[in-house]
Visitor: 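There's a structure below that I have some questions on.
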Number of protein chains: 2
Amino acid sequence: MNKYHEVANKINSYIQEKNLARGHKLPTLTELESTYNVGKNTIIKALEVLETNGMIYQVRGSGTYVRGRHRKGFVNLTDVQGFQSIFREFNLSSEVIELKEIQAPSNVAEILELTDQETLYYIKRVRYIESRPFCVEESYYLKTVVPYLNKEIASQSIFNYLTNDLKINIHFSDLFMRIGKLNQEEAVYLQLETHDPSLIIESIYYLSNGRPFNYSNIKYHHEEAQFFVQGNNF
Amino acid sequence: MNKYHEVANKINSYIQEKNLARGHKLPTLTELESTYNVGKNTIIKALEVLETNGMIYQVRGSGTYVRGRHRKGFVNLTDVQGFQSIFREFNLSSEVIELKEIQAPSNVAEILELTDQETLYYIKRVRYIESRPFCVEESYYLKTVVPYLNKEIASQSIFNYLTNDLKINIHFSDLFMRIGKLNQEEAVYLQLETHDPSLIIESIYYLSNGRPFNYSNIKYHHEEAQFFVQGNNF
């Protein structure tokens, strides 16, 4: 991790721990330099990272302020770590319906930009939030990137496994959202009626070399789907 | 506009005009320096802006690549200019149902962080995309920030009016999404049935000094609501 990412994480932890409100003014550059014992450029870069990630905003000639404006129960979609942030706030669990190795279906091969026949892990899970069914997820992972997966891992946080155990660096993601209807099987899993509305999110996750390695199609329970997006115009 | 923002815009235009595909490699730093006749630091900062905005990604030791991955008809929510980007792609129009000056209702006063009684413009519009009803929007603007609005302006792009005519610099936004149901009036406007599902987006827009000045509650036609979010982990 770069020095300025380290400092950005420390400032972020400080904001979280002190539970600082939106609009709270942070210490000056000089004060931050001495608190974290680093040079001015490191502080400037750390603040840029925090601004890009929606944690703070900088007002020219005035200072740096806490941006955080969240609603309880709304999950941040802008952050690649969105799924992990669910885990921090709530008691999540997963039931693995199916886990198998497959050859890429043609639509998934296209999305993951596969040129050869490649083997994928296919996982179907129902995820629960505080024991309430939250979503039905179908997810595909390139086996060349994720060489091993089992039901035990998939019943917990696959993303923690990817980042902490496999040391995979997820660089960015694309999410596509629309409203659709549940089929009969999905409705049973979510304890709803067939044809009930659902928020559908298709997501593609990319490695740091720009290669897409994971595609998911997630259907959310319409009462549990609450998402938060931060827009920037810096 | 900063020099590096100018260069970022030029590189972005180049990508759009050439219709460069995802994964297309951009020229090297040295080549970009000579093309745009600026120094290395300006190019580095321009590329950072483009990376933050999801236009490109940089691979250490390899180069800079076009990130763009869009689906026709999906609107980018990450970009503050999301609404304008709809205007670029589609033929949008608006029917103004109501436009009046009001005292802030208590829920809106809280969201816009008002300490005194302040006058707001309240606007209710139905928006059409290629003549199909797309959403019903209720929007509140601080009159101290937006001193004048009329039905003619509101029947076109309010955002173009704010940025081009009033020179308002929109710095960032927060969007909250969930699924809800249409009431009878909304269903009539959207040519749907009462209680049909709707994607509801509440949005708050902020000035460059961090002050929230606009709050909107938008209910989308469930077949027209298609959104795109880019996540970053830089």
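Every chain is numbered from 1 and lettered A, B, ... according to where its sequence line falls, protein lines coming before strand lines.
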Visitor: What are the two closest non-hydrogen atoms of B:Leu77 and A:Val229, and how far apart are they?
Guide: O-CG1, 3.8 Å

Visitor: For the atom pair CZ (A:Arg67) and CG (B:Asp174), what is the distance rounded to the nearest 0.5 Å?
Guide: 5.0 Å

Visitor: Under 4.5 Å between any side-chain heavy atoms of A:Val59 and B:His171, yes or no?
Guide: no

Visitor: So what's closer than 4.5 Å to chain B heavy atoms on A:Ser208: side chain, backbone, both or neither?
Guide: backbone

Visitor: Ignoring hydrogens, what is the shortest heavy-atom contact between B:Leu199 and A:Ile179? Give both atom names and the distance.
Guide: N-CD1, 3.4 Å

Visitor: To the nearest 0.5 Å, tell me how far A:Tyr57 OH sits from B:Leu207 CG.
Guide: 10.5 Å

Visitor: To the nearest 0.5 Å, what is the distance between CZ (B:Phe74) and CG (A:Leu175)?
Guide: 11.0 Å

Visitor: Sort A:Glu224 into side chain, backbone, both or neither according to what part of it lies under 4.5 angstrom from a heavy atom of chain B.
Guide: neither

Visitor: With a 4.5 angstrom heavy-atom cut-off, which part of A:Ile204 approaches chain B: side chain, backbone, both or neither?
Guide: side chain

Visitor: What part of B:Phe228 is in contact with chain A, defined as an atom under 4.5 angstrom from a non-hydrogen atom: side chain, backbone, both or neither?
Guide: both

Visitor: With a 4.5 angstrom heavy-atom cut-off, is it the side chain or the backbone of A:Glu223 that approaches chain B, or both, or neither?
Guide: neither

Visitor: Please classify the contact of A:Ile111 with chain B as side chain, backbone, both or neither, using a heavy-atom distance under 4.5 Å.
Guide: both

Visitor: Taking every heavy-atom pair that is under 4.5 Å apart, which of A:Glu113, A:Met177, A:Arg178 has the most such pairs with chain B?
Guide: A:Met177

Visitor: If I measure from the heavy atoms of chain B, does A:Phe176 come under 4.5 Å with its side chain, its backbone, both, or neither?
Guide: both

Visitor: Take atom CD of B:Glu110 as the centre, draw a 6.0 Å sphere, and report whether it contains more than 12 heavy atoms from other residues, nucleotides or ligands.
Guide: no

Visitor: At a heavy-atom distance under 4.5 Å, which candidate from B:Pro197, B:Gly61, B:Gly23, B:Gly210 has the highest pair count against chain A?
Guide: B:Gly210

